[in-house]
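Working notes, beginning with the structure itself.
Being a predicted model, the structure only gives us computed values, none of them experimental.
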Amino acid sequence: MSWQAVSEFSKAWSDMEPDQPLSFLLPPFLSGRTETAAGNAVRAGAVSVFLSGAHSGAEVQRLDVILRVEEIRGGHAPGGTAIVALANAAGMLAAASFERCSRRLRGIGWEAQGGPLSDTARLARATIGLAASAADVVALDAVSPTGDDAAFRSECLAARENGFAGKLSRQSRQIPIINHVFADQASAPVGRTISKTSEPPSA
């Protein structure tokens, strides 16, 4: 997403929801576009960034450095932009590396692999939950494929019972359900997330 597009969206969002902070969904490092996207996020005043396709804590450290450079360049206090790592399959296998990887890390989520009730999904949830606990950050459950509100609420309740503090979504109408179910959980990074999708993930 170009800076012009980000700037226009940020301004429009600020006019509509002045009290609702913005977060940005960053592309994975393999895309070659992460650094530019992170710079746009800092320039737009994002409170946090979500790193998709996170392979390990080393990528979080790399992003930390990028954010610091952009914050200093923009005249912002270093360290103000939080990071949420969205682990892919490789990241789950390297889950222990997220512990103490960066002071910016506020949460660890996961990108769905297979159906939500599959053995792979169960293992992923357990892995992310343990990794988040070890790193002393919040755990965020993956995006759900369901479009049914009742089924989605059940998924949120199950995630909460398993120690998750929030759930990711690409459907804005699911946000009130997420907020209601996880209202009294540990504070998770919040904000409307900008991504390349028309329905960006929100935590």
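Of all the heavy atoms in Ser52 and Leu25, the pair that sits closest is CB-CD1, 4.1 Å. Closest heavy-atom contact between Gly129 and Ala139: CA-CB, 4.3 Å. Closest approach of Lys167 to Cys156, counting heavy atoms only: CD-SG, 3.7 Å. Of all non-hydrogen atoms in Ala112 and Ala142, the two that sit nearest each other are N-CB, 3.9 Å. The minimum heavy-atom distance linking Val143 with Arg170 is given by the pair CG1-NH1, 3.6 Å.
In this structure the side chain of Thr34 reaches within 4.5 angstrom of the side chain of Leu51, judged on heavy atoms. Taking the side chain as every heavy atom from C-beta outward, Ser23 and Val49 never approach each other to under 4.5 Å. You'll find the side chain of Ser48 stays beyond 4.5 Å of the side chain of Arg106, heavy atoms only. Within the 4.5 Å cutoff, the side chain of Ile66 has heavy atoms near those of the Phe29 side chain. Put simply, the side chain of Ser169 reaches to within 4.5 Å of the side chain of Ile178, judged on heavy atoms.
Checking Gln171, Gln174, Arg173 one by one against Asp149, the side chain to side chain donor-acceptor pair (under 3.5 Å) holds for a single residue, Arg173. If you run side-chain contact (heavy atoms from CB on, under 4.5 Å) between Pro78 and each of Asp64, Ile72, Leu67, only Ile72 comes through. Evaluated for a side-chain contact (heavy atoms from CB on, under 4.5 Å) with Leu105, the options Val84, Asp136, Ile83 yield exactly one hit, Ile83.
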(message) Run Asp141 and Arg160 through salt bridge (charged side-chain N to carboxylate O under 4.0 Å, His left out) and show every step you take.
(response) CA-CA 9 Å; Asp141 198 20; Arg160 172 181 163 144; over 6 Å; no

(request) Carefully, step by step, assess Glu71 and Arg104 under the rule salt bridge (charged side-chain N to carboxylate O under 4.0 Å, His left out). (result) CA-CA 13 Å; Glu71 287 166 345; Arg104 293 180 187 267; 2.8 Å; yes

(request) Please lay out, stage by stage, how Ile128 and Phe164 fare under the test side-chain contact (heavy atoms from CB on, under 4.5 Å). (result) CA-CA 9 Å; Ile128 294 303; Phe164 286 82; 4.1 Å; yes

(request) Apply side-chain contact (heavy atoms from CB on, under 4.5 Å) to Phe98 and Val137, showing your working. (result) CA-CA 10 Å; Phe98 291 105; Val137 298; over 6 Å; no

(request) For the pair Ser144 and Glu155, evaluate side-chain hydrogen bond (donor to acceptor under 3.5 Å, both in side chains) and give the outcome as yes or no after the intermediate values. (result) CA-CA 8 Å; Ser144 170; Glu155 287 188 25; 2.8 Å; yes

(message) Could you walk me through whether Phe50 and Leu140 satisfy the side-chain contact (heavy atoms from CB on, under 4.5 Å) test, starting with their C-alpha distance in whole Å, then the side-chain angles of each, then the deciding distance to 0.1 Å, before giving a yes or no?
(response) CA-CA 11 Å; Phe50 288 63; Leu140 301 175; 4.0 Å; yes

(message) Evaluate Leu123 against Asp119 for side-chain contact (heavy atoms from CB on, under 4.5 Å), listing each step before the verdict.
(response) CA-CA 6 Å; Leu123 176 60; Asp119 289 340; over 6 Å; no

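Summarising the geometry, atom OG1 belonging to Thr127 is positioned 13.5 Å from atom CZ belonging to Arg122; distances are rounded to the nearest 0.5 Å. Separation of atoms NE2 (His55) and CG (Asn88) is listed at 4.5 Å; rounding is to 0.5 Å. One distance of note links CD of Glu99 with CD1 of Ile108; it measures 9.5 Å at 0.5 Å rounding. Within the model, atoms CZ of Arg100 and CD of Gln61 stand 11.5 Å from one another, a figure rounded to the nearest 0.5 Å.
A salt bridge links Arg73 and Glu70; the closest N-O separation between the charged side-chain nitrogens and carboxylate oxygens is under 4.0 Å.
Hydrophobic cluster membership is shared by Phe152 and Leu157, with clusters built from Ile, Leu, Val, Met, Phe, Trp and Tyr side chains linked at under 4.5 angstrom.
With hydrogens and angles disregarded, a donor-acceptor distance shorter than 3.5 Å links the side chain of Ser31 to the backbone of Pro28.
Looking only at atom types and distance, the side chain of Ser97 has no donor-acceptor partner in the side chain of Ser56 under 3.5 Å away.
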